[in-house]
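Below is one structure, written out as structure tokens; the observations come after it.
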Amino acid sequence: MQFKRAGFLTKVVILVLLIYMATTLLDLRGQIQAVQEQRDALSRQVVDQELENRQLSDAIAHSDDPDMLEQVARDRGFVKQGEELYIDVAN
């Protein structure tokens, strides 16, 4: 059994298909990298949010703790009775 040699038009069509497949593959590779970067960013956001949730849960669990109440009061600018508050206005 003998095979016929491919004609010029067949070679051109195959070349065009190979070029199309290569450009499509490169485009898909770029899309995959973009989606992976987005996934990594979202994973970091999830970790950060879980840490914040744990901190808030801890704050809720220890809301009756006197040290926690004093820390919250200090963060809001409150002082104990008889304490003097000095504000640095040099900055």
Side-chain angles (χ1 to χ4, degrees):
M1 186 160 116
Q2 284 186 327
F3 290 105
K4 242 180 163 183
R5 288 200 60 134
F8 179 73
L9 184 60
T10 306
K11 291 178 183 178
V12 169
V13 168
I14 290 174
L15 181 63
V16 168
L17 286 175
L18 286 174
I19 292 171
Y20 172 74
M21 288 173 37
T23 56
T24 303
L25 182 63
L26 291 174
D27 182 49
L28 288 175
R29 180 183 243 174
Q31 289 178 4
I32 288 171
Q33 287 177 346
V35 169
Q36 285 175 340
E37 289 171 3
Q38 184 181 11
R39 181 198 62 198
D40 293 341
L42 289 174
S43 295
R44 285 190 296 274
Q45 285 180 352
V46 166
V47 169
D48 292 343
Q49 189 63 47
E50 287 175 348
L51 177 64
E52 184 179 345
N53 288 348
R54 272 190 246 120
Q55 290 173 345
L56 291 173
S57 295
D58 187 50
I60 290 171
H62 297 96
S63 63
D64 295 337
D65 186 21
D67 293 331
M68 177 66 80
L69 292 174
E70 184 176 347
Q71 181 63 35
V72 170
R74 297 268 182 206
D75 290 344
R76 293 190 178 191
F78 298 125
V79 294
K80 290 182 181 177
Q81 188 173 4
E83 263 187 342
E84 293 183 22
L85 177 65
Y86 296 100
I87 299 174
D88 184 15
V89 294
N91 294 333

In a table with atom names and distances, give each donor-acceptor pair under 3.5 Å that connects a side chain of residues 32-45 to protein atoms at least two apart or in another chain.
residue	atom	partner	partner atom	Å
Ser43	OG	Arg39	O	3.0

Sequence neighbours excluded, every pair satisfying salt bridge (charged side-chain N to carboxylate O under 4.0 Å, His left out) that has a member inside residues 55-84
Glu70-Arg74, Glu70-Lys80, Arg74-Glu83
Hey, could you give me the CD1/CD1 distance between Ile14 and Ile19, rounded to the nearest 0.5 Å?
12.5 Å
Option passing side chain to side chain contact (heavy atoms under 4.5 Å, CB included) with Gln49 (candidates Asn53, Leu51, Val47):
Asn53
Lys11 and Leu15: side-chain contact (heavy atoms from CB on, under 4.5 Å), yes or no, with the steps?
CA-CA 6 Å; Lys11 291 178 183 178; Leu15 181 63; over 6 Å; no
How long is the span from the CG atom in Leu69 to the CD atom in Gln71, to the nearest 0.5 Å?
11.0 Å
Single-linkage hydrophobic cluster Met21~Val13, side-chain heavy atoms < 4.5 angstrom
no
Using the rule that two of Ile, Leu, Val, Met, Phe, Trp, Tyr join whenever any of their side-chain heavy atoms come within less than 4.5 Å, decide whether Ile87 and Val79 are in one cluster.
yes
